[in-house]
Amino acid sequence: MSNEPKPYKETLNLPVTRFEMKANLSDREPRMQKRWHEEGLYGRLRAARAGRPRRVLHDGPPYANGEIHMGTLLNKVLKDMVVRSLSMAGFDSPYVPGWDCHGLPIEHKVLKDLGSRAASTSHAEIRTLCQVEALRWVDVQREQFIRLGVMGDWAHPYLTLDPRYEAGIMDVLAQLVESGYVARQLKPIHWCMSDRTALAEAELEYKESTTPSIYVNFQMKSGVPAGWSSAGSPPFHVMIWTTTPWTLPANVAVAVHPEIVYCGVEYVDPETGRTMRTILAADLVKQVLEKGGVRAHVELGRCAGRALEHATYLHPFIDRECPIVLANYVSVEDGTGLVHTAPGHGAEDFQTGRAYRLPVLSPVDEAGRFTAEAPDWIQGLHVFAANKPIIERLRESGCLYREAPLVHSYPHCWRCKKPVIFRATEQWFILVDHANLRERTLEAIAAVRWLPSWGRNRIEAMVSGRPDWCISRQRAWGVPIPALKCTGCGEQVLTAATVRHFRDLFRREGADAWFTRPTDEILPEGLRCPRCGAGDFAKEGDILDVWFESGSSHRGVLASEFNLGYPAFMYLEGSDQHRGWFQSSILTAVGSTGRAPFETVLTHGFVVDDQGRKMSKSLGNYIPAETATAKYGADVLRLYVASMDYADDIGMSERGIKEASESYRKIRNTFRYILGNLEDYRGFDPDLVEPGSLHEIDRYALGRLNALVRGARAAYEEFEFYRVFQRVYQFCAVELSSFYLDVLKDRLYAESPAGPDRRAAQFVLAKLHEQLTLLLAPIIPHTAEESWDYRPEGSRATSVHLATFPEPEPAWDDPECDARWGWILEARGRILLELESLRKAKQIGSAQEASVLIVAEDADRFEAHRGLLAEVCNVAEVVVEPGVAGSGVAIAARRSAHAKCERCWNHRPEVGASPAHPTLCGRCQRVLGAAGALEP
RNA sequence: GGGCGCAUAGCUCAGUUGGCUAGAGCGCACCCCUGAUAAGGGUGAGGUCCGAGGUUCGAAUCCUCGUGCGCCCA
């Protein structure tokens with residue numbers, strides 16, 4: 001035997017694994033995704049879950065326009081975590097992603113690209129360009145979603161431009177028509193008189209423009225508040241203000257605010273010299289009278305606007321008695337506090353008109369000229385040219401109080417740059433109150449589970465208050481409303497039968513057929529006008545509101561083509577969709593099937609920055625999703641998303657992502673360490689580990705794992721991923737890294753490689769590895785799969801994503817053990833404090849150099865577990881002495897007097913006792929002796 | 001302006017039906033280890049529970065009114 005120091009390090013079982021510390025996700029994840037694709041993982045999961053209870057999350061289609069952003073990422077990742085966790089809970093949970101492909105933004109983009117050629121391009125050509133544009137973005141977004149690790153049937157998504165989907169829309173429309181929900185009504189829309197076309201809000205450009213601004217007195221007919229006037233006094237008026245005198249022929253009401261205080265005043269008109277009595281908002285009396293040059297006035301009374309409801313006045317130049325109505329949008333910002341109301345020429349006016357069942361007048365043709373419905377003295381005049389004669393007429397009749405030009409923001413056509421008007425046109429509506437659709441929808445809402453629960457209040461309020469749904473749009477890029485106009489009598493023909501006829505046509509040829517095929521080729525055979533009996537028709541040009549399209553997905557996707565089942569288990573979108581998709585879906589579903597298309601609706605908040613402000617490029621707090629994914633990796637972003645309670649808005653920032661990266665590294669390192677100690681456990685039969693060989697701390701760890709599994713599964717059931725994250729992460733950091741794994745080092749490194757003590761530890765490590773990997777698989781699927789590849793048991797061919805969540809092992813529950821650990825951990829905490837002060841005093845470095853003395857009145861308890869206490873504190877030894885009664889527990893620590901074992905670094909009394917191996921402790925001599933390593 | 005929400009350490013979250021000195025992890029600071037090493041361990045400092053009233057013996061928690069932020073309307 002030589003005197004050379006023994007290379008004892010070589011005899012330790014130090015961790016070894018190829019599971020790398022460096023994640024390098026930007027490289028590793030795409031390779032993993034490629035592998036999943038090649039292995040057909042999604043299809044294999046479908047096969048594996050075939051026959052299991054089905055829970056379908058139905059994808060709300062994102063708009064196929066532009067790159068995905070953090071909001072899209074949040075939404076898709078949450079959906080993926082839901083779907084994956086359902087699958088791992090044993091459900092058959094297919095995921096068919098979809099895209100919303102029609103609509104104005106794409107059409108707008110195409111028209112802009114066409115520039116001046118747009119006007120000479122046919123609808124059919126525009127539609128082709130739109131389709132190319134939409135499909136291009138579908139491809140881009142699909143790649144980005146796949147890059148995020150979202151699992152689904154990416155080869156067969158649903159597209160709203162798919163003929164089968166279009167047929168589904170028509171099917172829903174046919175049923176709604178059949179039940180009488182669909183009707184034609186007048187509605188004011190933005191109209192360009194130069195291009196003779198309807199414009200959407202997005203097609204307006206607001207520019208400064210000069211218009212007339214007039215104050216007009218309408219003479220009251222009835223309803224002047226009691227006591228304001230007496231016999232023989234001049235008649236009362238109501239004074240309104242408008243910048244569009246040309247809309248006065250369509251005036252049918254004056255709106256006041258129910259809460260605003262109004263004032264009856266008498267003044268002398270400086271121009272006519274007449275004594276006038278009129279009503280104004282009290283707050284505006286001074287201002288308005290000053291503008292008109294009135295020096296003095298007398299107040300005749302005051303009342304709230306509410307008191308004026310149902311009073312009437314006479315139209316200034318048409319034989320018409322009109323009511324005063326209430327509206328909450330009336331303000332005292334400007335004007336008089338009384339608002340001229342023409343439902344045919346304004347959006348708010350239209351709403352008010354609906355509430356009071358006022359007629360919608362719009363005596364203006366496509367070119368902006370007054371029609372025969374207008375007074376004869378303005379017929380044929382362009383509306384703007386009619387301002388002057390109207391003002392003159394008012395002046396002559398003494399109704400005009402004041403006139404002045406006004407410069408203000410006014411909408412103009414984005415194409416021809418000319419000012420636009422509101423003009424009432426016939427549109428298609430879903431009548432929300434027909435056949436109690438509103439009430440039945442509210443009943444259906446009550447039967448749905450809304451998460452969070454306030455979602456129900458939100459959508460209930462919206463459905464309760466919503467007006468009829470205008471489903472027609474005067475655009476090119478969408479699914480046509482297959483209405484036929486009788487060329488004989490002008491009747492619009494849209495029946496369940498004709499819609500179903502076109503449904504079948506669209507299914508065969510796509511909705512393009514409506515635009516490309518001559519009318520007579522696609523007409524239903526033998527169609528006659530139900531009104532005049534003629535057989536000659538023209539196709540109408542309106543398309544459906546895209547909300548109707550996406551809102552019909554329950555038919556085209558759930559109930560038919562994709563065989564997913566109706567209704568869906570869950571819809572999951574941002575909380576803006578209470579007004580959008582959730583509502584359009586439930587309205588069309590209740591109208592056509594009588595029930596909600598979803599059982600549960602889960603909503604998430606919006607992505608904001610770390611100060612709670614909305615994320616926008618202009619604020620400079622915008623984080624591009626694609627860049628972030630490339631830089632940090634999908635699993636890091638997914639972990640980030642999972643760490644936050646999505647019910648509220650979620651704040652994202654570069655710093656936040658970095659913190660998520662730290663969390664990710666901790667988890668990854670925990671896996672790496674565990675795997676490093678399992679390398680030689682691979683292929684070992686865990687059944688060979690006798691339960692009795694498990695140490696006390698092993699049983700404790702298994703109990704903690706059980707608790708984790710229960711907690712995490714419960715959190716998954718509630719879709720509370722942040723609770724999963726909190727539990728799993730803190731388990732890794734606290735229970736494992738800083739405690740169990742740290743304590744285990746001595747046994748793992750220094751005991752015999754295949755001895756029962758080390759095997760017992762490895763048994764626990766393997767369980768920890770397996771169950772942690774499973775619990776994290778829905779959140780960080782790439783890393784979980786990578787980890788799964790290294791698991792000691794089983795075949796590598798099986799993906800973790802085909803597996804199910806672990807079940808708690810009842811055998812691992814041990815209340816007695818838990819109770820014991822309560823005081824052991826408490827004592828450990830106190831011992832660690834003592835060690836820290838020793839360390840501060842430069843007495844020790846590592847805990848292994850310390851010896852602990854416990855003086856306790858109930859010394860037996862500590863004496864019985866002093867070995868365990870030494871183990872969990874990683875100290876040289878724990879000595880227990882009985883204390884006097886009432887002294888409690890006193891703990892002291894000092895530097896151990898024992899020598900350090902050169903192999904395991906523990907300080908033990910027997911080190912040096914063996915002349916043959918003076919630097920080894922007894923345990924290490926035993927271990928090395930058994931291995932034959934101590935033979936000369 | 002209206003409806004629906006949210007607000008607890010720097011960050012992410014706990015905190016039963018009101019009841020110990022408001023907790024955890026991360027981060028941070030300091031220390032230790034160098035056999036998880038671009039790792040690991042320990043200790044510690046951080047809070048006007050958004051604000052102001054109110055109810056109560058007692059309020060992060062219940063009520064009222066505000067402030068800020070978000071979504072949806074107007």
Side-chain angles (χ1 to χ4, degrees), chain A residues 8-17 19 21-22 257 259 327-331 333 347-348 351 452-462 464-466 574-580 583 603-615 639-640 642-645 647-651 653 655-656 658-660 662-663 665-666 668-677 720 722-723 725-735 737-739 741-746 748-750 829 831-842 844-849 873-874 903-905:
Chain A
Y8 289 123
K9 184 170 176 179
E10 299 303 316
T11 70
L12 292 171
N13 321 300
L14 294 178
V16 180
T17 179
F19 185 89
M21 180 179 289
K22 185 161 167 48
H257 192 287
E259 315 293 339
N328 286 322
Y329 54 80
V330 176
S331 79
E333 293 279 301
E348 291 178 328
Q351 300 288 351
S453 57
W454 49 257
R456 179 176 160 179
N457 293 340
R458 193 169 153 92
I459 192 167
E460 264 180 5
M462 287 171 176
S464 299
R466 72 156 299 146
S575 59
D576 55 335
Q577 300 303 331
H578 285 115
R579 178 160 296 276
Q583 200 180 135
T603 51
H604 57 78
F606 278 69
V607 174
V608 295
D609 69 11
D610 48 1
Q611 289 165 65
R613 293 172 192 284
K614 75 170 77 179
M615 207 169 260
L639 196 66
Y640 191 24
S643 73
M644 293 180 279
D645 182 358
D648 197 2
D649 290 339
I650 77 163
S653 61
R655 195 191 56 189
K658 289 203 172 84
E659 285 174 12
E662 295 287 309
S663 307
R665 281 173 47 206
K666 185 75 183 182
R668 188 175 178 90
N669 269 327
T670 304
F671 278 133
R672 174 176 148 86
Y673 182 72
I674 293 175
L675 289 169
N677 287 292
E720 290 174 337
Y722 67 98
R723 287 183 189 272
F725 169 81
Q726 294 269 342
R727 283 174 183 278
V728 174
Y729 181 61
Q730 295 195 19
F731 185 82
C732 286
V734 184
E735 312 262 15
S737 185
S738 72
F739 181 60
L741 298 183
D742 204 40
V743 170
L744 230 44
K745 283 178 186 169
D746 181 71
L748 288 168
Y749 296 175
I831 290 170
L832 293 182
L833 281 175
E834 292 300 318
L835 297 184
E836 187 62 16
S837 52
L838 269 190
R839 201 170 279 133
K840 277 266 149 64
K842 301 289 179 193
I844 60 166
S846 84
Q848 284 166 307
E849 294 164 21
C873 297
N874 196 23
R903 178 168 179 269
C904 71
W905 295 354

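Chain identifiers are assigned alphabetically (A, B, ...) following the order of the sequence lines, protein sequences preceding nucleic acid strands; residue numbering begins at 1 within each chain. Keep in mind it's a predicted model, so treat the numbers as computed, not measured.
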Inset, instruction - Report the distance from atom CZ of A/F739 to atom P of B/G25, rounded to the nearest whole Å. - result: 14 Å
Legend entry - A/R672 versus A/T17, side-chain donor and acceptor atoms under 3.5 Å: no
Inset, instruction - Pick the C1' atom in B/U34 and in B/G27, then give their distance to the nearest Å. - result: 24 Å
Legend entry - No-H, no-angle donor-acceptor pair, A/R458 side chain to B/C4 base, under 3.5 Å: yes
Inset, instruction - Give a yes/no on whether any side-chain N or O of A/K614 is located under 4.0 angstrom from OP1 or OP2 of B/C71. - result: yes
Legend entry - A/D742 bridged to A/K745 by N-O distance under 4.0 Å: yes
Legend entry - Whether A/W905 stacks on the six-membered ring of B/G35 base, 5.5 Å and 30° limits: yes
Inset, instruction - Identify, between A/D645 and A/K22, the residue whose nearest nucleotide on RNA chain B lies closer to the 5' end. - result: A/D645
Inset, instruction - Just name whichever nucleotide pairs with B/G46, Watson-Crick or G-U, keeping both distances under 3.5 Å, else none. - result: none
Legend entry - Residue matched to B/U17 through Watson-Crick or wobble contacts both under 3.5 angstrom: none
Inset, instruction - Measure distances between side-chain N and O atoms of A/T17 and base N and O atoms of B/A36, and say whether any donor-acceptor pair falls under 3.5 Å. - result: no
Inset, instruction - Mind checking A/S575 for me? I need base, sugar-phosphate or nothing, with any heavy atom below 4.0 Å counting as a touch. - result: sugar-phosphate
Legend entry - Nucleotide opposite B/A59 in a Watson-Crick or G-U pair, distances under 3.5 Å: none
Inset, instruction - For residues A/N669 and A/K666, determine if any side-chain heavy atom of one lies less than 4.5 Å from a side-chain heavy atom of the other. - result: no
Inset, instruction - Decide yes or no for A/S737 and A/Y673: does some side-chain heavy atom of the first lie under 4.5 Å from some side-chain heavy atom of the second? - result: no
Inset, instruction - Please indicate whether A/R668 has more than 12 foreign heavy atoms, meaning atoms of other residues, nucleotides or ligands, lying under 6.0 Å from its CZ. - result: yes
Legend entry - Who pairs with B/A24 - Watson-Crick or G-U, where each distance is under 3.5 Å: B/U12
Inset, instruction - Tell which nucleotide pairs with B/C6, taking only Watson-Crick or G-U wobble pairs whose two distances are both under 3.5 angstrom. - result: B/G68
Legend entry - 5' priority, RNA chain B, between A/A847 and A/S643 [closest heavy atom]: A/S643
